[in-house]
Amino acid sequence: LEFAIELDFSQINAEFGALSPEVLEDIYLQYNFFKELRIRVGQFKVPVGEEKSMGSKKRPYLDHSIGSRRLIPVRRQGIMISGKDCFSILGYQVGLFNTAEINEPMNASPYLSTAGKIYLSFKLTNTLKIKTGYSIYYSFEEIFAQSIFLSMRWKINKKHSFSLFTEYLEQRYYHYQWNNSMFLCLSYRFMDVEIYGTGELYQENAGNPDKDDCIQLCAGINYYWIKDTLKIGLGYTNEHEYEISKFENLVYLMLLWEL
């Protein structure tokens, strides 16, 4: 039996303090019958989209992709079963969730949603690891989303490694509104220094002019210290909303310390 709770103190509300609903991110119980079957109940990430499930330790850049933030739900209350085969090559996650937002009561929405993910994770060679999969989400409010992803990590030797991650996300609403995102991240690490770049094409209501359609580019460098428990990063992000010729630039400093 496993129990997990995760808090986000950046969401503390001055009026409600630590009792603000946004502070509580994950809280769930999980029972592992065996490797092929586990059951989880509580509030946790919905199993749709791979990039969204990558924590700050697993991704070199600061924030999630635009598609992950806008097109798919993050955390919901629900129940999920998951597992892997005996060789840890094939895995799955399937769940039923309430569509209410985290800061809403459970009965705020009368609708339910279902989501599932299936993936393959294997070593092509001793130094090359590949993971690929497909996920799907459907809400009884007639919101449909799906994603397909590919990640690759090539450990050239003890000092050099190269990583690639790409994901296509799309969302359809009432069969007529189509939103989609294509995201790519490349990174190269030499000893304790990592350089990376990302690119994303995001389209909202594809095929029709929309001010939210944009291209986002990001580049940065990270330094890992104390056996990778401390990550210090410097990055630059440029977002171009091409329908209205608007540019947004952001320079950020990132510090992540895993205790």
Worksheet item: Does E170 come within less than 4.0 Å of R172, counting only side-chain N to carboxylate O?
Response: yes
Discussion item. Testing the basics here: between F97 and P47, what is the closest heavy-atom pair and its distance to 0.1 Å?
Written reply: CZ-CD, 3.5 Å
Worksheet item: With sequence neighbours left out, which residue pairs that include part of residues 61-93 fulfil the ring-ring contact (aromatic ring centres under 6.0 Å, His included) condition?
Response: Y61-F183
Practice prompt. Could you tell me whether the side chain of L128 reaches within less than 4.5 Å of the side chain of M152, counting heavy atoms only?
Written response: yes
Discussion item. Looking at every heavy atom in both G78 and F44, which two are closest together, and how far apart are they?
Written reply: O-CE2, 3.6 Å
Worksheet item: Do F3 and Y31 have their ring centres less than 6.0 Å from each other?
Response: no
Worksheet item: Which residues pass the side chain to side chain contact (heavy atoms under 4.5 Å, CB included) test with Y188, sequence neighbours left out?
Response: H160, F190, I195
Fill in: Contact summary for I72 and G49, nearest pair of heavy atoms
CD1-CA, 4.0 Å
Worksheet item: Is a donor on one side and an acceptor on the other found under 3.5 Å between the side chain of S139 and the backbone of E142?
Response: no
Fill in: Sequence-distant partners of K45, side chain to side chain contact (heavy atoms under 4.5 Å, CB included), two or more places apart
R75
Worksheet entry | Sequence neighbours excluded - salt bridge (Lys or Arg N to Asp or Glu O under 4.0 Å) pairs with any residue from residues 177-198 | R189-D192, R189-D228
Distance-only donor-acceptor hits, side chain of residues 252-259, under 3.5 Å, sequence neighbours excluded:
residue	atom	partner	partner atom	Å
Y252	OH	Y196	OH	2.6
E258	OE1	K57	NZ	2.8

Worksheet item: Considering all heavy atoms of both residues, which atom of E239 and which atom of I66 are nearest to each other, and what is their separation?
Response: OE1-CD1, 4.0 Å
Practice prompt. Mind checking side chain to side chain contact (heavy atoms under 4.5 Å, CB included) for L90 and listing every partner two or more places apart, or none if nothing turns up?
Written response: D85, I118, L120
Discussion item. I'd like to check the salt bridge (charged side-chain N to carboxylate O under 4.0 Å, His left out) partners of E36; sequence neighbours left out, ordered by chain and number.
Written reply: none
Worksheet item: So which heavy atom on S135 is nearest to which on S147, and how close?
Response: OG-OG, 2.6 Å
Fill in: For I136 against V48, the heavy-atom pair lying closest together
C-CG2, 4.1 Å
Item to complete: Would you please name every residue forming a side chain to side chain donor-acceptor pair (under 3.5 Å) with Y223, sequence neighbours left out?
Response: none
Discussion item. Are S163 and W154 packed together at the side-chain level, in the sense that at least one heavy-atom pair is separated by less than 4.5 angstrom?
Written reply: no
Discussion item. Under the rule for ring pair (Phe, Tyr, Trp, His ring centres under 6.0 Å), what residues qualify as partners of F144, not counting sequence neighbours?
Written reply: none
Worksheet item: With sequence neighbours excluded, what pairs up with K84 under the side chain to side chain contact (heavy atoms under 4.5 Å, CB included) test?
Response: K35, S88, Y119
Discussion item. Quick test of your reading: applying salt bridge (Lys or Arg N to Asp or Glu O under 4.0 Å), list the pairs with at least one residue in residues 153-169, sequence neighbours left out, ordered by first then second residue.
Written reply: none
Discussion item. Is it the case that over 12 heavy atoms from other parts of the model lie below 6.0 angstrom from the CG atom of N126?
Written reply: no
Item to complete: Using distance alone, with no hydrogens and no angle criterion, decide if N249 and Y236 have a side-chain donor and acceptor under 3.5 Å apart.
Response: yes
Worksheet item: Between K131 and E50, is there a side-chain N and carboxylate O pair less than 4.0 Å apart?
Response: yes
Worksheet item: Residues two or more places apart in sequence or in another chain: which of them pass side chain to side chain donor-acceptor pair (under 3.5 Å) with Y134?
Response: Q146
